[in-house]
Amino acid sequence: ASWKKVMTGWERSLIFEQQVKDFKRVWSRLDSDIALVCLCGNHDVGNRPTKASIERWTSSLGDDYLSFWVNGTFNIALNNCLFSNPSGAPEMFQ
């Protein structure tokens, strides 16, 4: 996004924090019988995720990988950005 080119680190963090607050506020109204699974993408952790970007995601929204059963199917969710380019966080790729 072009705004990322002109914003400093603290400004980007402020935007992320507000987006998380808005996300949680909106989705808190979802009926509790409906499961909501949050997965990170390149706009959340970057095309080359770092340990810091992944930790920012996980501390705010939960794990970047998980598995669960639903209606007799076993589902696996993985941080595909980390698989695409693990060079920014090789220790988390292991």
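In this chain, numbering begins with 1 at the start of the sequence shown. Being a predicted model, the structure only gives us computed values, none of them experimental.
Sparse packing is recorded around OH of Tyr65, with 12 or fewer heavy atoms of other residues, nucleotides or ligands lying under 6.0 Å away.
In the hydrophobic clustering of ILVMFWY residues, with side-chain heavy atoms under 4.5 Å counting as a link, Ile34 and Val70 come out apart. The hydrophobic clustering, which links ILVMFWY residues whose side-chain heavy atoms are closer than 4.5 Å, places Ile76 and Trp69 together. Under a hydrophobic clustering in which Ile, Leu, Val, Met, Phe, Trp and Tyr are joined whenever their side-chain heavy atoms come within less than 4.5 Å, directly or via other members, Val20 and Leu36 fall into the same cluster.
Looking at every heavy atom in both residues, Cys81 comes nearest to Gly41 through SG-C, 3.5 Å. Of all the heavy atoms in Ile54 and Ala89, the pair that sits closest is CD1-CB, 4.3 Å. Nearest heavy atom pair, residue Leu61 against residue Cys38, reads O-CB, 4.3 Å.
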Could you walk me through whether Phe83 and Phe93 pass side-chain contact (heavy atoms from CB on, under 4.5 Å), step by step?
CA-CA 7 Å; Phe83 277 82; Phe93 183 68; 3.8 Å; yes
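Checked against side chain to side chain donor-acceptor pair (under 3.5 Å), Thr73 has the following partners two or more places apart in sequence or in another chain: Asn75. A search for salt bridge (Lys or Arg N to Asp or Glu O under 4.0 Å) contacts involving Asp31 returns nothing, not counting sequence neighbours. Scanning for side chain to side chain donor-acceptor pair (under 3.5 Å) contacts around Asn85 gives Ser87, with sequence neighbours left out. Listed by chain and residue number, Leu39, Leu66 satisfy the side-chain contact (heavy atoms from CB on, under 4.5 Å) test with Ala77 (two or more places apart in sequence, or in another chain).
The side-chain heavy atoms of Leu14 and Phe16, taken from C-beta on, include no pair separated by under 4.5 Å.
A distance of 7.5 Å separates CG in Asn80 from SG in Cys40, rounded to the nearest 0.5 Å.
Screening residues 16-26 for salt bridge (charged side-chain N to carboxylate O under 4.0 Å, His left out) gives Asp22-Arg25 as the qualifying pairs, with residues at least two apart or on separate chains. Annotation: side-chain hydrogen bond (donor to acceptor under 3.5 Å, both in side chains) contacts involving residues 51-63, sequence neighbours excluded, comprise Thr50-Ser53.
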